[in-house]
A.B. asks: 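One structure, pasted below without further comment.
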Amino acid sequence: MAVVTQSADALTDRAPTGLESLDVRKLGMWAFLGSECVFFGSLISMYFVNRPLMFSPALEAAHLTPKTILNIPFTGVLAFILLCSSLTMVLALNAMQQSRRRAGSFWLLATAFLGMLFLGGQAIEFIEIAHEGITLQNSVFGQSFLLLTGFHGTHVFVGIIWLLSCIPRALRGGFHAGNYIGPEICGLYWHFVDVVWVVIFTIIYLI
Amino acid sequence: MAPGGNMAQRDTHSNPGVGGPLGGHGDNVEHASHPTARFYVLIFFILLAVTIAEVFVAQEPFLGIFEGIGVPIAVPLLILAAVKFLMIAAFYMHLKQDSRAFSAFLIAGLILAMGMLFTFGGLFTAHSREPFDQIAWREQLAQNAGTTGTSATTGGGGH
C-alpha cells in the first residue's frame, strides 16, 4: 500500500520532463501544420505534373501560358502584404507577452486587415484570369492554379476569422505575460500560411 | 539587437514551472526572455530584401545571365525561397528557441510532401506527354463507337 501511495505521489508531484513538458495545444498545432505540409504538397505536386501541359505550342501562340497570364508585379505586392502581416502577427504576440493588451489587439487587427487586403488582391487576380477565359472547367492551368491558390486563400480566410475571434479576449486582457498560448497558436497558423505563399509564389509565379 | 542571448535557451517549455504547461490553467510557463520587436523588424527587412531579389532574379536581365551560365533559373529562386522559409520558421514561428519536437513535426511533413512531389513527378513526367486534345478525343470516341456499332450489327446479322 505504501508503495502504491508513493508511486501516486511520484506521478502527481514530479516535474514534467522531455515531451511531457511540452504544451499539448502547441504540439497539436505543429502536428496539424505537418499534415498541412502534405496537403499543400499534394496540390503543388498536381501543379507540377500538369505543368508540361500548360506550355503547348498552341497555348503559347495564343499567349495563354502561365507566364503571360499571371501578373508577377501585382503578385509581388500580395507577397509583400502577407509578409507585412507576418510581422504584425509576431508584434502582436510580442505585445501579449509583455501584457500590452491594446498594442496586442491593434497588431492582431492589423494582421486581420492585411489578410483581408491579400484576399481582395487574390479576388482581383481570379477575376482577371476569368476575363482571359480561364476557369476551373476549361483548362489544365485553370484547374491546377485556381485549386492551389484557392485553397491557400481559404486558409487565409480561416486565419482572419481566428484572428478576429482573438481580439475581444485580447481587449479584455485575457492574454498577458502569463497566458498567451491563444495568439501564439493562431500566430503559428498564420505564419504557416505565409510560408506556404513563399513556396507558391516561387514555384507557380516565378519559375 | 543581437538576439543570441534571448534565443540561446532551447526548449523553454521544459522549464518546470509551477503546475507545468499541462496543469490545466491555460498558462504559459516560459520564463525565458523573448526576442525584441526590433529583432522581428530586422528579420522582416531581410525577408523583404529576399522577396525583392526573387522578383528581380525572375526578370530580365538576370534571367538571361543565369541561362547564359547554364544555371536553371529555378536554382537561385528555390535557394531564395528556402532562405525565406527557414527564416520565418526559425524566428517568427520560434522553432529556433522551441523544442525540437515541434521542428520534427514540420520536418516530417516536409519530407512526406517532398517524397510525394518526387514520386508523382517521376510517375507522370518521366515521359513527355502531348497536351490533351479534347476534340480529337471525342472524334476518336465517336469513331470507336461507330466501329463497335458496325461490328455489332455485322455480328448480329451473322447470327
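To find a chain, count down the sequence lines: A is the first, B the second, and so on, and within it residues start at 1. When reading the values below, keep in mind they use all heavy atoms of this one structure, side chains included, and skip hydrogens, waters and symmetry mates.
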A.B. asks: Is a side-chain donor-acceptor pair under 3.5 Å present for S86(A) with W190(A)?
C.D. replies: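 No - no donor-acceptor pair under 3.5 Å links their side chains.
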A.B. asks: Checking V57(B) against chain A: side chain, backbone, both or neither under 4.5 Å from a heavy atom?
C.D. replies: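 For V57(B), there is no contact with chain A at all, as no heavy atom is under 4.5 Å.
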A.B. asks: Which one of C37(A), G41(A), A79(A) has the most heavy-atom pairs closer than 4.5 Å to chain B?
C.D. replies: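 Ranked by contacts with chain B, first place is C37(A).
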A.B. asks: State whether the side chain of N138(A) and the backbone N or O of G133(A) hold a donor-acceptor pair below 3.5 Å, judged by distance alone.
C.D. replies: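 Pair found, side chain donor or acceptor close to backbone of G133(A).
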A.B. asks: Would you mind telling me which of L83(A), I207(A), V195(A) has the largest number of heavy-atom pairs within less than 4.5 Å of chain B?
C.D. replies: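 Heavy-atom pairs under 4.5 Å are most numerous for L83(A).
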A.B. asks: Could you have a look at I107(B), L80(B), L48(B) and say which one has the most heavy-atom pairs with chain A under 4.5 angstrom?
C.D. replies: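 Answer, by heavy-atom pair count under 4.5 Å with chain A: L48(B).
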A.B. asks: By a 4.5 Å heavy-atom criterion (distance strictly below it), what part of I72(A) contacts chain B: side chain, backbone, both, or neither?
C.D. replies: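 When you check distances to chain B, only side chain atoms of I72(A) fall under 4.5 Å.
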A.B. asks: Where does A108(B) contact chain A at under 4.5 Å (heavy atoms): side chain, backbone, both or neither?
C.D. replies: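 Neither part.
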A.B. asks: Are F32(A) and F105(B) close enough that their ring centres sit under 6.0 Å apart?
C.D. replies: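 So the answer is no for these two rings.
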A.B. asks: CZ of F157(A): more than 12 outside heavy atoms within 6.0 angstrom?
C.D. replies: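 For F157(A), atom CZ is not crowded (no more than 12 foreign heavy atoms under 6.0 Å).
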A.B. asks: Measure distances from S42(A) to the heavy atoms of chain B and classify the residue's part below 4.5 Å as side chain, backbone, both or neither.
C.D. replies: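 Both parts, backbone and side chain.
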A.B. asks: Counting only N and O atoms by type, is there a donor-acceptor contact under 3.5 Å from the side chain of H176(A) to the main-chain atoms of M96(A)?
C.D. replies: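 No, because the side chain of H176(A) does not come within donor-acceptor range (under 3.5 Å) of the backbone of M96(A).
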A.B. asks: Can you say whether F39(A) sits under 4.5 Å from chain B via the side chain, the backbone, both, or neither, judging by heavy atoms?
C.D. replies: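 The answer is neither part of F39(A).
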A.B. asks: Do E36(A) and H155(A) have a side chain donor and acceptor closer than 3.5 Å?
C.D. replies: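 Indeed, the side chains of E36(A) and H155(A) share at least one donor-acceptor pair under 3.5 Å.
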A.B. asks: Taking the six-membered ring for Trp, is the centroid-to-centroid distance between F91(B) and H191(A) below 6.0 Å?
C.D. replies: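 Centroid separation for F91(B) and H191(A): 6.0 Å or greater.
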A.B. asks: So does E54(B) pair up with K84(B), basic N to acidic O under 4.0 Å?
C.D. replies: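 Yes.
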A.B. asks: Side chain, backbone, both or neither: which part of V38(A) has a heavy atom under 4.5 Å from chain B?
C.D. replies: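 Interface part for V38(A): both.
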A.B. asks: Give the member of L188(A), L27(A), L91(A), L33(A) that has the highest number of heavy-atom pairs under 4.5 Å with chain B.
C.D. replies: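 When all of L188(A), L27(A), L91(A), L33(A) are compared, L27(A) has the most.
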A.B. asks: Quick one: of V41(B), L112(B), I88(B), who has the most non-hydrogen atom pairs under 4.5 Å with chain A?
C.D. replies: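 Maximum pair count with chain A is reached by I88(B).
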